[in-house]
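So the structure is just underneath, and the comments pick up after that.
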Amino acid sequence: MSQSKFWKNSTVYQIYPRSFCDSNGDGVGDIPGIISKLDYLKSLGVDVIWLSPVYKSPNDDNGYDISDYKDIHEEFGTMADFDELLAEAKARGIKIIMDLVINHTSDEHEWFERAKAGEEKYKNYYIIKKGKNGKLPNNWGNFFADCPWEPFGDPKNEEYYLHLFSKKQPDLNWYNPEVYREICDIMRFWLDKGVAGFRCDVINVIFKESFADGKKQLALTGKEHYVSTDGCHRILASLRRDVMDNYDAFTVGETVLVNVPMARDLTDVERDELDMVFAFEHMECDQIGVKWFKTKFKPKRLMKCLTKWQTGLDWNTCYFENHDQPRSVTRFTEGGEFRKVGSKMLIGLNFSLRGTPFFYQGQEIGMTNGAFNSLDEIMDIESHNVDKMAKSLGIIQPFRWNLINKTSRDNARTPMQWSAAEGAGFTSGTPWLKIHPNFTEVNVENDLADKDGIIAFFKRMNEFKKSSDVLTCGSFKSLHEGRSVYAFEREYEGEKLIAICNFSTKRAAFPDGIIGERIISNYYGEDKKLRPYEFVLIKPEETKK
Ligand code: GLC
Ligand code: CA
């Protein structure tokens, strides 16, 4: 038996187009580059590609600032290239989902330009508020360490527009039914072309319930007024009814700051809003308060969090990486000599949890955090804003750099490492972002040539998961959450599998009472103990208690 919804049986691979493959030597990845790698993705067993934005954009936030939702960014190619990508993917049985960014547009979108030119109709597409006695409309914070209000039009009018992200990303006004209609139309445009759904960018903050001052906090003051509001639920249910229900497609919402009950509501089958959500709690297990303050990674925190979500939500998205997070092997393992085995462990774990597994480009070869020497080498707008903010707080440069170097989103955005050739097989030109110097060793060609490569393990796990009702449909039960060892059981119709991970460079004891046949591991042979970063799937022998 497999799950009846196709996205429950799918392995999803995220492409960050700018950094994936450059076909014309301008240093920027593009759609023809992606087409040239479809056979590779097919060979990995990828079912669905999530494409980060390829729409027309001035690129302030690498495409998450859209100036035309129905056109392709010229650096990435043309609409004809996109149509070809869709057709070539389809020919290989691969579906594509688009990134749908509808909390905000670019300030260079025609709607915002017409709003600035004074057209009332378009002013009402955005959130424009009056300042109060020379002060900003409210005390809210901003996701990119900036002020979320920017003067709109003539300063005499004391008007400001809201932008929860960069100032080139004005928030849309979801109180306006015309905005709703425009977005429905955009969604249909892509679904009619044959895309299989959407990853919905910061979807749970689109509806601001009130614009009152927020309770003061370290970051994101005001969030209680816009995170997963009733209005947001209403919009999602309507989008489902008016648009999504007419297609065999799915949505996965990027939902910031959600807890388990909120995620349950957003994915509740009865409420019929989103199919899945990306939650972030497990991405926060190595930070204090805000994401820029990393602390030493304690595996137990991660285990507890995974268990909480696995048991709290019926169907999760399982992921350890995306284009906004540092690389998982750097974050959750010691890397170095353990890079390969550690990458495999995280991949094994991701395939063994209950839910749809998502992988990010380069994860299948164990790409590591970027090797940047200074802020000059970093392009991410968020990192630059954080530096400015930290500077204004009097934090000294070496300390600022240390924070940014560890947390910058560019860590995951360095160009894909295809080979040891100059330009890493990514480009024949000058890459838009510095290639990690370890590309001579860490690259697809090398890994494929290695029968014990990470890709080989990825494929084995992927094939096994698809053939196993226990892994695709089974229930989840945590068995052990230790200092370094995590063990959990999956069960389906009486059949069981136990996954065990050792998050340590040291050998560790098997949790008590777990014995059985080894099905898949990132090590050869038997051993009385778990080896460093060992991952093993065990078919348990039923033992008497
Ligand atoms: C999401 C995207 C991120 C982007 C932000 C604003 O978090 O993943 O890359 O900067 O939304 O659109
Ligand atoms: Ca290019």
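Read the numbers this way: they start at 1 and go in the same order the structure lists the ligands and their atoms.
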Can you name the atoms of ligand 1, numbered from 1 with element, that are less than 4.0 Å from a heavy atom of V202?
1 (C), 7 (O), 11 (O)
Has K42 got a side-chain atom pairing as donor or acceptor with I94's backbone, closer than 3.5 angstrom?
no
Kindly indicate, with the supporting measurements, whether the criterion salt bridge (charged side-chain N to carboxylate O under 4.0 Å, His left out) is fulfilled by D107 and K116.
CA-CA 9 Å; D107 66 338; K116 277 194 305 193; 5.1 Å; no
Identity and distance of the protein heavy atom lying nearest atom 12 (O) of ligand 1
D201 OD2, 2.7 Å
Determine whether the side chain, the backbone, both or neither of R413 has a heavy atom under 4.0 Å from any heavy atom of ligand 1.
side chain
Backbone, side chain, both or neither: what part of F144 comes under 4.0 angstrom of ligand 1, heavy atoms only?
side chain
Take the Ca ion (ligand 2) as the vertex and measure to O of V28 and OD1 of D22; round to 10°.
80°
H104 heavy atoms, cut-off 4.0 Å: which ligand 1 atoms fall inside?
6 (C), 12 (O)
Do D61 and S166 get their side chains close enough for a donor-acceptor pair, meaning under 3.5 Å?
no
Would you mind checking which non-hydrogen protein atom is closest to atom 10 (O) of ligand 1, with the distance to 0.1 Å?
D61 OD2, 2.5 Å
Only heavy atoms of H323, strictly under 4.0 Å: list the atoms of ligand 1 that pass.
2 (C), 3 (C), 8 (O), 9 (O)
Is ligand 1 less than 4.0 angstrom away from at least one heavy atom of R199?
yes
Testing I127, D171, L220 for side chain to side chain contact (heavy atoms under 4.5 Å, CB included) with L164, which one passes?
D171
Using the rule side chain to side chain contact (heavy atoms under 4.5 Å, CB included), only one of D99, T317, V101, L51 pairs with R199; which is it?
D99
On the ring face of F250, is K5 found with NZ or CZ under 6.0 Å from the centre and within 45° of the axis?
no
Between K208 and N103, is there a side-chain donor-acceptor contact under 3.5 Å, judged purely by atom types and distance?
yes
Is there an N/O/S atom in T427 at a distance below 3.0 Å from the Ca ion (ligand 2)?
no
Does S67 reach the main-chain N or O of K56 with its side chain, forming a donor-acceptor pair under 3.5 Å?
yes
Among protein heavy atoms, which sits nearest to atom 9 (O) of ligand 1, and what does the distance come to when rounded to 0.1 Å?
D324 OD1, 2.8 Å
Shortest protein heavy-atom distance from atom 7 (O) of ligand 1, along with the residue and atom involved:
E254 OE2, 2.8 Å
Suppose you place the vertex at the Ca ion (ligand 2); what is the angle out to D30 OD2 and D26 OD1, to 10°?
170°
Quick one: which ligand 1 atoms are inside 4.0 Å of a heavy atom on R409?
3 (C), 4 (C), 9 (O), 10 (O)
So, does E159 use its side chain to make a donor-acceptor pair with the main chain of I128 at under 3.5 Å?
no
